[in-house]
Amino acid sequence: MNRASDDLFSPALDGLNPAQRLAAGQRGGPVLVIAGAGSGKTRTLVHRVAYLVERGVDPSRILLLTFTRKAAQEMLNRARELNPQCARVEGGTFHSLCYRLLRAHASRLGLNRQFTVIDRGDCEQLIRGVINEQKLKTKGDRQFPKARTINDIISKSRNQELALEDAIEQWAGHLLGYMEEINKAAQGFAAAKRAQGLVDYDDLLFLAEELLRDHDDLRQRFSQHWQHLLVDEYQDTNAVQARLLKLLASEHDNLMVVGDDAQSIYRFRGARVQNIFEFPQDYPGAKVVKLEQNYRSTQAILDLSNEVIAQAWHRYDKKLFTERLGGKRPVLRRPRDDRGQARLVSERIAELITAGNKPEDIAVLFRASRDSYELELELTAGRVPFVKVGGFRFLEASHIKDALSHLRVISNPSDFLSWQRLLMLLPGVGPKKAQTAISHLVDAESPELYLGRLASAPGLAGAAVERLVELMSELSDPSATPLTLVEAVIDYYEPICRETHEDYPRRLRDLEELPGLARGFSTLAEFMAEVVLEPPNSYAAETQGGRITLSTVHSAKGLEWPNVFILWATDGRLPPQMALMDPESLEEERRLMYVACTRAAGELTILAPMESYQRGRGVVNNELSRFLAELPHGLLDNPRENVFEVPLPQAPTPQSRGSQHQDRPFPVGSMVEHNTFGKGRVMGYKGGKKILVHFERHGLKILLLEFANLNKV
DNA sequence: CGTTTACGTAGACTG
DNA sequence: TACGTAAACG
């Protein structure tokens, strides 16, 4: 009878705590799950999937969207253990979903059906080409923005949906003088993509939105097809992703999003933490469930983490708690410099391993990829095996791009970017000859024609070209599998790689990874899309056992280890110098520190070298990261066993601490009214003196409490 | 002579 | 790594 009671006894909800059960056992409609770090978010989603299937929802009509495809696969594997039928649930990333939709309906948008997905490096090269072609840069102009910078600006303007000028103003004010050139570059870039059938990551989202928005039959069809949508990491979605969800959910509103505003760390690439705040308004009647019990860390680590995030502008107030009371207090150590830091960490790692800890239970986290450089040297010297995650991307390595460019022109012959790349591998061919050869290819329509023209293009002759033509005709065999194609390319490219790269042994080893990736794909297009769409970090991580992990904080998102080290917890590194001027960036850095701390289950060691060497400035003193310096005493252990180490800075004065918690006249989340700005919602407090309000008509404002003159609504 | 290639140096985050 | 310049190539 009682509908709630049959849910309560659903086997699919076994083993969940009450809050998790409440979330996983929703029948439908919009649901927002605020899932604190380590609160069993994945577990909840897994059980949610099993619950829906158990209730009779066709598994293939459930769609699970996650940050990486690997995350989706892992969740679905776990769900399958609860109910084998869950194997048929569909899962992936936003980008892979968009790719599928576009692939199936490219013609509706007038898009080349053979379109190729390109990565950031490709975008930059395309922009570089436009700059040269249109002579946007006057010779010797050192101020002229790099292709990378221009691409960043374009991508930011698109992700945040700002006019290009506004994006330049906000992110690169010093380049306002190049407005016209950047504008032309952006237009040329867009034109080049269109002409060559290239689609970048941003395009995937916007084109898919266009497809569903402008073609009502498709919107209806897909929305009806996926009856339940589950979205992980909602705090890191951007505006267009939120609109895509709206379109996909339009027929039923069965949308569950899961996230944690305190862990939003992708603002720099367009993520809108507001999405998670606005969800209840976007979906009136949405249920909000908070998961606050942490199953990962000891109380000592949570105490620190809670304080780190306590002053953040986050609206969904929550305090993590755990049953793992006590635990070792996190340790703060202040070695003299990065070598001292590397030595301390590697020594401690050696101790941990000697004491019986497994290497794979140890992780070292840092803000930027190069922050681990000294430690890598130290670990290599000490023969401690490690795997580094983040920073380097397999697919962006030049030798991988070289090899793949041959396959790209097979699946999309108008991909001139790849033609250029592969032609320039030929001896005696530089940008000029490649360009003229390509202009002879332009109006060829079939791969065969391309081949004919390639062989006869002016300036191209000789044994190397013959080998290339031979390879291309081999690759044109429509019955060949991706695996055999990849092997043919490697056979062809290997001698070139040996010639051009000093460090060819390492590069050849990378190339040997490709056949393994290609295995199992039946079409070249599928394989190429997979390789571009799946963040390549995950490939290496699969095979690693017996190694400690070195990772950027971003790449560590969602993961945990019993023992965690955080490097460079200093002002200038975490937060980085660049973030110090911009309050919103600084907030993101604080969340990053929070994410870093909450990765630790049992033991957390934070390092903050006293000094560092900076180009142009020599040796400089480092302040302890402001996110730690502002904390009350007692949360961190600060041993003085090392001569270079210094005690914690002065504890904050009693009144400043007191004021943080007491002078909060309006509860976070409540509505207030301001004389000029009108109504708004309290998002949080800043430093005890400032309040953060999101006004309905004026957006986010930081106001001084003393003068704001706010009234309760 | 126009191109390609080799080389030295400035500059770097995060996916 | 990428760009600018200079040497080498054809």
Side-chain angles (χ1 to χ4, degrees), chain A residues 67-71 93-95 119-121 123-125 127-128 131-132 137-152 155-156 159 171 200-202 205 233 236-238 263-271 365-373 388-399 401 423-437 458-462 464 499-503 532-538 551-558 567-568 572-580 585 588-589 591-593 595-596 614-616:
Chain A
F67 209 64
T68 65
R69 190 175 295 197
K70 187 163 154 262
T93 61
F94 274 95
H95 289 96
D119 65 16
R120 189 178 69 177
C123 293
E124 285 166 18
Q125 210 157 324
I127 289 169
R128 217 168 282 135
I131 293 170
N132 292 333
K137 178 178 175 181
T138 46
K139 223 179 131 218
D141 182 353
R142 292 177 166 259
Q143 310 281 313
F144 196 89
K146 308 263 172 288
R148 169 185 232 134
T149 311
I150 295 179
N151 185 46
D152 277 353
S155 182
K156 283 202 160 100
N159 272 296
W171 295 95
D200 67 25
Y201 294 131
D202 300 331
L205 300 174
E233 310 279 14
D236 282 323
T237 54
N238 64 20
Q263 294 185 68
S264 173
I265 55 175
Y266 283 97
R267 195 181 82 100
F268 70 92
R269 67 168 203 204
L365 308 183
F366 34 87
R367 175 64 176 81
S369 192
R370 51 146 197 212
D371 290 345
S372 66
Y373 185 70
K388 186 170 175 185
V389 188
F392 169 79
R393 274 170 285 289
F394 181 67
L395 189 124
E396 287 178 17
S398 67
H399 49 294
K401 301 213 85 162
L423 287 172
M424 282 175 58
L425 292 170
L426 299 169
V429 179
K432 213 76 188 182
K433 275 189 205 160
Q435 205 50 57
T436 39
L460 294 187
E499 278 292 309
T500 47
H501 298 287
E502 190 95 330
D503 56 345
V532 185
L533 291 175
E534 180 60 6
N537 294 334
S538 46
S551 174
T552 59
V553 183
H554 282 95
S555 297
K557 171 166 146 172
L567 304 185
W568 288 112
R573 301 264 191 154
L574 180 49
Q577 204 67 42
M578 295 179 65
L580 297 180
S585 297
E588 177 135 311
E589 299 300 326
R591 298 192 292 263
L592 215 45
M593 177 68 92
V595 168
Q614 277 178 22
R615 177 177 32 82

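Proteins come first, then strands; the chains are lettered A, B, ... in the order of their sequence lines, and each starts at number 1. The model shown is predicted, which means the values in this text are computed figures rather than measured ones.
With C/dC3, B/dT4, B/dT14 as the candidates, the nucleotide lying closest to the side chain of A/H554 is B/dT14. The side chain of A/Y266 has B/dG15 as its nearest neighbour among B/dC13, B/dG15, B/dT4. Distance from the side chain of A/R128 is smallest to C/dA2 among C/dA2, B/dG15, B/dT14.
Of the side-chain N and O atoms in A/S555, one or more sit less than 4.0 angstrom from OP1 or OP2 of B/dG15. Distances shorter than 4.0 Å separate none of the side-chain N or O atoms of A/S398 from OP1 or OP2 on C/dT1. Phosphate contact (OP1/OP2 of B/dC13, side-chain N/O of A/R573, threshold under 4.0 Å): absent.
No engagement by A/Y201 is indicated, since no non-hydrogen atom pair under 4.0 Å with the nucleic acid exists. The residue A/R120 sits close to a base: some heavy atom pair falls under 4.0 Å.
A/R591 has its CZ atom 13 Å from the C1' atom of B/dT14, to the nearest Å. Across the protein-nucleic acid pair, A/D236 atom CG and B/dT14 atom P stand 17 Å apart, rounded to whole Å. One atom, CZ of A/R370, and another, P of B/dT14, lie 9 Å apart when rounded to the nearest Å. Between the P atom of B/dC13 and the NZ atom of A/K146 lies a distance of 12 Å, rounded to the nearest Å. The distance between atom CZ of A/R269 and atom C1' of B/dT14, rounded to the nearest whole Å, is 9 Å. The CG-P distance, from A/N132 to C/dG4, rounds to 9 Å in whole Å. When the C1' atom of B/dC13 is taken as reference, atom CG of A/L574 falls 12 Å away, rounded to whole Å. Distance A/F144 CZ to C/dC3 P: 11 Å, rounded to the nearest Å.
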Applying side chain to side chain donor-acceptor pair (under 3.5 Å), run through A/R269 and A/S155 and close with a yes or a no. CA-CA 8 Å; A/R269 67 168 203 204; A/S155 182; over 6 Å; no

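Contact check for A/Y201 versus A/R120: no side-chain heavy atoms found under the 4.5 Å cut-off.
Rounding to the nearest 0.5 Å gives a distance of 9.0 Å between OG of A/S398 and CG of A/L425.
A cation-pi arrangement is absent between A/R370 and A/Y373, since the terminal nitrogen or guanidinium carbon is not both under 6.0 Å from the aromatic centre and inside a 45° cone about the axis.
With DNA chain B read from its 5' end, the first of the two nearest nucleotides for A/M424 and A/D152 is the one closest to A/M424. Nearer to the 5' terminus of DNA chain B, by closest-nucleotide assignment, is the contact made by A/G430 (compared with the other of A/G430 and A/P576).
For A/T237 (side chain) and A/E233 (main-chain N/O), no donor-acceptor pair under 3.5 Å exists by modelled atom type.
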